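Notes to accompany the following structure.
So you know, we letter chains A, B, ... as the sequences are listed, proteins then strands, and number each from 1. Computed from a predicted model, the values in this text were never measured in an experiment.
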Number of protein chains: 2
Amino acid sequence: MNNKIEWIALDWGTTHFRAWAMGAGGQVLDQVKSDQGMGKLERDEFETVFLEHVEKWLVGRNSPVSAFACGMVGAKQGWIEAKYIETPCAPPRNEQLVQAPLSDPRVQVFIVPGLSQHKPADVMRGEETQIAGFLASMPTFDGVACMPGTHSKWVTISKGVVKHFTTFMTGEMFGLLAKKSVLRHSVGGRGWDNAAFIGGVKLAMDTPELVAQELFSIRPQTMLHDLPANEARARLSGLLVGAELRATEHLWSSRDVCIIGDPKLSEHYNKALEFYNCQATIADGDMMTLGGLHAVALSAMEQAS
Amino acid sequence: MNNKIEWIALDWGTTHFRAWAMGAGGQVLDQVKSDQGMGKLERDEFETVFLEHVEKWLVGRNSPVSAFACGMVGAKQGWIEAKYIETPCAPPRNEQLVQAPLSDPRVQVFIVPGLSQHKPADVMRGEETQIAGFLASMPTFDGVACMPGTHSKWVTISKGVVKHFTTFMTGEMFGLLAKKSVLRHSVGGRGWDNAAFIGGVKLAMDTPELVAQELFSIRPQTMLHDLPANEARARLSGLLVGAELRATEHLWSSRDVCIIGDPKLSEHYNKALEFYNCQATIADGDMMTLGGLHAVALSAMEQAS
C-alpha cells in the first residue's frame, strides 16, 4: 500500500493529532488519531511524535513523501512558527508554507500559516485551511462562513479573499461553565432540548444585556423549579450561541451563510439561524480541512513535477 | 480567656471556614481560618472539622457556648439543611435558625437559612447575613445593595425587607476565564490598570451585544499588539463588571447604592459606578457578616435569658 500514498495530511491542534494517508485524487487510504496535541509537547518532541504515528506509512517506500499540516503546530510554541499572513488575503498558498525541521530523509513536513487581522486584532490557525477547502469546492462563494467551535469564527469571504473575521469564545465558555462552574450541577449529561435552546438564543438576541444574569439563573431554576438537565444544558448553549448571533446579525441577516464545523454543533447553529429565517448551507469541518490540505498538496506537487 | 467568649461566629462557605471567638459587645477575641470548606466534606465530617478548629475555645469553660453560622454549611449538601426563606422578607431572625446535630455538650451550632426568590428563580446563602449586619447599622436604608463576589448579588431593600434580588456569575466567570481559558496567557499576574478597566466597563455598557467578541479579542491584542498583562486583566474584569452594571442600570441609576464586599473588589465596582456619576457607599463584607451573626446571637441570647 505505502507506494500508493501520494501525500500525508496532518491536522495538529492544541489537544489533538490527526493524520491521513492520502492516495490519488484525494482518496483516504488510512488514518491515525491521537490526543498528543501540540499543547503537551516541547519543540524537540514534535519530530518523534510525528514519526511514531506515520512510521507505518513510510516503511518500504521507493521515494520520500510530503506531509501538509495545519493547526497550532505552526504557532510560536509549535514545531516551527509559520507566521500569520495578514488579511485581507486569499487562503495560504503552497509557497507560503513553512518547512518543519526534520532529520528523517523519508518525509518532509510543510506547515500552513494562520491568518491575522490588524484591527480589530484577531487571529486564526486551522480555519484558514478549512476556508481553502471550502473555496476549492465553492470558488465563487460571496458571503460569510460561520465556523462554530471552541473559538467560533465568522469570516467574510468575497472573490476568493478573506476580507474580515471575528472570533467568539462560545465553545470554550460553554465547556468552562458546563464543567467547571456552579452550573455543572444543573447541566449534567449529554441531553438536549431544542425549545430550551431556542429560548436561550431568543433571550440573548432580544436582550443581550441580560445574558450575564440569565446564565446564573439556570442554577436556581434547577434548585427551586426542577429544571431538567437537558433543558438547562440546551438553555446554557442557547444563551451563548445567541450572544454570538446577536453580535454577528449584520453579517448573517444580509449575506449568504455557510456553516463549517462539527456536524452536530453546526446543526444547532443552523436551527438558531433558521429561527431567524436565515437559510444556511452546511459543510463538514473535517472534510474542509482535508480539502484545504489537498489544495496546497496539489499545487506543491504540480510545482515539483 | 475562654470564659470571656460569649458566642462563636462561623462563616462556612464552599471553599472556606472562618470562625471568630466573640466577647462582650461584639469584640473579636480570637479567630481561625482554614480552607476546609463544606464543598470538601461529607455530612458526617462537619462536627469533627468544626470541633478541631474551635476546641481551643472550649477548654476549661464553665458553661456551654452557642455558635451562629452562615453560608453553604446550611445547604442541602451541608451539615444540615436550613431551608431557604422566600422573599420578600426581612433577613432571617433567631427563631428561623436551624440547629446542627452535634454530640459534644460543650457547644451548640445554629445555622442561618438563605433566601430564595420564586420568580425569577434565585437563591442566596451568606449574603442574607451580610444584609442583616448592614441593616443592623443602617436600619432605614432604602435602596440597592451591590454585593460583588464569586456570584455577585444586587439586592433591593426597603423598610428592612429584602424585596428582590438578582445574581451574576461575574466573579466565577472572571476566575474561569483568567485561569482556565486561552486568556490565561494574556492576563497573568496580579496587575491592574484602571483606564483599561473603565474601557471594558464602557464597552459593555454601550454595546452589551459585543461583550462575547471583545472577550476573545484580548488574546490577539496581546499577540499582535503586545497588550500588557495588567491592561488585559483589567479589561477582562471591566467587560464582565460592565455587563453586570448594564443589566442593573435600572437599579443603581435611580436608588441609593451600598457596595458590600471585599474592599479591593468593592473599590473596582465603586470606580465603575463613579464613572457613571453614581455615588455609592461601601461596607466591608466581613464586618457585615460578623454584624449579621451578632444580630442573631444577641436576639438568641436575649430570648434565652
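- B:Ala132 pairs by the side-chain contact (heavy atoms from CB on, under 4.5 Å) definition with B:Pro91, not counting sequence neighbours.
- Side-chain contact between A:Pro113 and A:Val98: absent, with no pair of heavy atoms (C-beta onward) separated by less than 4.5 Å.
- With a threshold of 4.5 angstrom between heavy atoms, A:Met223 approaches chain B through side-chain atoms but not through N, CA, C or O.
- Contacts between A:Leu215 and chain B at a heavy-atom distance below 4.5 Å involve backbone atoms as well as side-chain atoms.
- Heavy-atom distances place no part of A:Val211 under 4.5 Å from chain B, backbone and side chain included.
- Scanning both residues, A:Val257 and A:Cys278, for their nearest heavy atoms gives CG2-SG, 3.8 Å.
- Interface remark: B:Leu176 contributes backbone and side-chain atoms alike to the contact with chain A (heavy atom separation under 4.5 Å).
- Put simply, the side chain of B:Ile157 reaches to within 4.5 Å of the side chain of B:Ile131, judged on heavy atoms.
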Table up the donor-acceptor pairs between chain A and chain B that sit under 3.5 Å, atom names plus distance.
from	atom 1	to	atom 2	distance (Å)
A:His118	O	B:His225	NE2	2.7
A:Glu172	OE1	B:Val182	N	3.4
A:Glu172	OE2	B:Val182	N	3.1
A:Val182	N	B:Glu172	OE1	3.4
A:Val182	N	B:Glu172	OE2	3.0
A:His225	NE2	B:His118	O	2.8

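- A:Val144 has its side chain out of reach of A:Val155: every pair of non-hydrogen atoms, C-beta onward, lies at least 4.5 Å apart.
- The contact between A:Met173 and chain B is made entirely by side chain atoms (from C-beta outward), counting heavy-atom distances below 4.5 Å.
- Side-chain contact check for B:Val161 versus B:Cys89: every heavy-atom pair is 4.5 Å or farther apart.
- For B:Ile198, the side-chain contact (heavy atoms from CB on, under 4.5 Å) criterion is met by B:Asn194, B:Phe275, not counting sequence neighbours.
- When all heavy atoms of B:Ala100 and B:Ile80 are compared, the closest pair comes out as CA-CG2, 3.8 Å.
- Between B:Leu273 and B:Ile259, some side-chain heavy-atom pair lies under the 4.5 Å cut-off.
- Heavy-atom pairs under 4.5 Å with chain A peak, among B:Leu227, B:Leu177, B:Val182, B:Leu210, at B:Val182.
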